[in-house]
There are 2 protein chains.
Amino acid sequence: MTTVETGTTVGIREVAEHSGLSVDALRWYERERLLPRAPRGPDGRRRYPERLVGFVRLVVALRRTGMPVADVREFVTLADEGAASHGRRMALLERQRENILRQQAQLADDLAAVGHKIGHYRELIVAGLDCEGLPVAPEVAAAQRLTTVQTERTAS
Amino acid sequence: MTTVETGTTVGIREVAEHSGLSVDALRWYERERLLPRAPRGPDGRRRYPERLVGFVRLVVALRRTGMPVADVREFVTLADEGAASHGRRMALLERQRENILRQQAQLADDLAAVGHKIGHYRELIVAGLDCEGLPVAPEVAAAQRLTTVQTERTAS
DNA sequence: GTAGGAGCTGGAGTGCACTCCAGCGCAAGG
DNA sequence: CCTTGCGCTGGAGTGCACTCCAGCTCCTAC
């Protein structure tokens, strides 16, 4: 990635806010070579040019869709080769696209499974039945309809 | 979960093969109370009734869609209460359904981002241009089209 | 000038979700 | 009877991807 430092640049804080990565993670990513090195300003601070900000976004998407950091590193290493690695980079992304499509299919299945179970509970509640299909006792009926989960997690 | 042990049961190996969890993970899940305890046969081995096999599948789907084990444990703990916790269990699943929908939206975005980048590379390759829009040198053109990624990962 | 905030670097620490290991028992087959 | 394979339990270990910490510099505002 030939960074010609023209145009606007943004600091690490702003990149973090827009990318979903933490400031620490951005630094770690650079150290781990998951991102090209961001140029430094005269004060030693990172200044991300627009192009690099876009690259961060792509890397975040690759991570978010499950690409291991070793593979991301490979992608970034290829990027250092310039145009000579376009085809290989493209192939890497095409493989990831296949992965994403698989995840989408799996997610649809899982959504259906969860939805099916929700429907099952709803039917039981409406009919006032327990899991064996027997009527629930009157003193249980109110509790059966309760949807409030009393946990400390709710408070946070 | 009132397990009436009638009907067929399957051993841990078979449950592992069909659930996507390893045998070790199934044991860990039970120990961590992410699954109800599977009844043991006369030889001390786990025998999973059909109902429990279905529950394993649901728990796997919840994990796969990002539910932390602490929340899965909560879900399982509620299941111990029988019909009295139907509503609360349903609410938990409804929240997870919302999460899954969010993931689907995010995945679609990420797919689009990857696809867009793939298209970008393809255009550059077809036009024989580099990232700056300049024609690539003849000795680079062949490499630019290469899609074979030479890594040890490919061999495994 | 001083204080405070932001960011730098290098190194250590952490959280999460498993996976591996060791010793044991049981059952089937030779 | 012996061997082998499967599964049990409890405890330790591991991999992955960050996050935290400490000491430092620079810059701005008071």
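Every value quoted in this text rests on a predicted model; they were computed, and no experiment measured them. A, B, ... follow the sequence lines: proteins, then strands. Residue 1 opens every chain.
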Practice item. Could you state the atom-to-atom distance from CZ of A:Arg47 to C1' of C:dG7 in whole Å? Key: 11 Å
Practice item. Check the surroundings of atom CZ in A:Arg73: do more than 12 heavy atoms from other residues, nucleotides or ligands lie under 6.0 Å from it? Key: yes
Study note, to complete from the structure: Whole-Å distance, B:Glu14 CD to D:dG7 C1', equals 15 Å
Point to revise | Phosphate-side-chain proximity, B:Arg40 and D:dC8, N/O vs OP1/OP2 below 4.0 Å | key: no
Review point. With the threshold set at 4.0 Å, does a side-chain nitrogen-carboxylate oxygen contact exist between A:Arg40 and A:Glu30?
Key: yes
Check your understanding: Apart from B:Leu129 itself, what residues make up its hydrophobic cluster when side-chain heavy atoms of I, L, V, M, F, W and Y under 4.5 Å apart count as a link, directly or indirectly?
Key -> B:Leu124
Practice item. Side-chain contact test, heavy atoms from C-beta onward, threshold under 4.5 Å: evaluate it for A:Tyr29 versus A:Val56 and give yes or no. Key: no
**Study point:** From A:Glu123, A:Gln144, A:Arg122, residue fulfilling side chain to side chain donor-acceptor pair (under 3.5 Å) relative to B:His86
**Key:** A:Gln144
**Study point:** Presence of salt bridge, A:Arg102 and A:Glu98, under 4.0 angstrom
**Key:** no
Exercise for review: Figure out the CZ/C1' separation between B:Arg46 and D:dG7, and round it to whole Å.
Suggested key: 8 Å
Review point. Over its full length, what angle do the end axes of the helix from C:dG1-D:dC30 to C:dG30-D:dC1 make, each axis taken from five pairs and the result rounded to 10 degrees?
Key: 0°
Review point. Going by atom types alone, do A:Thr65 and A:Gln103 pair a side-chain donor with an acceptor below 3.5 Å?
Key: no
Study note, to complete from the structure: Shortest non-hydrogen pair, A:Pro39 vs A:Leu52, comes out as CD-CD2, 4.3 Å
Revision key, fill the gap. In 5'-to-3' order, the base (B), backbone-only (S) or no-contact (-) status of each nucleotide in nucleotides 15-28 of chain C, using a 4.0 angstrom heavy-atom cut-off, is --SBBB----BB--
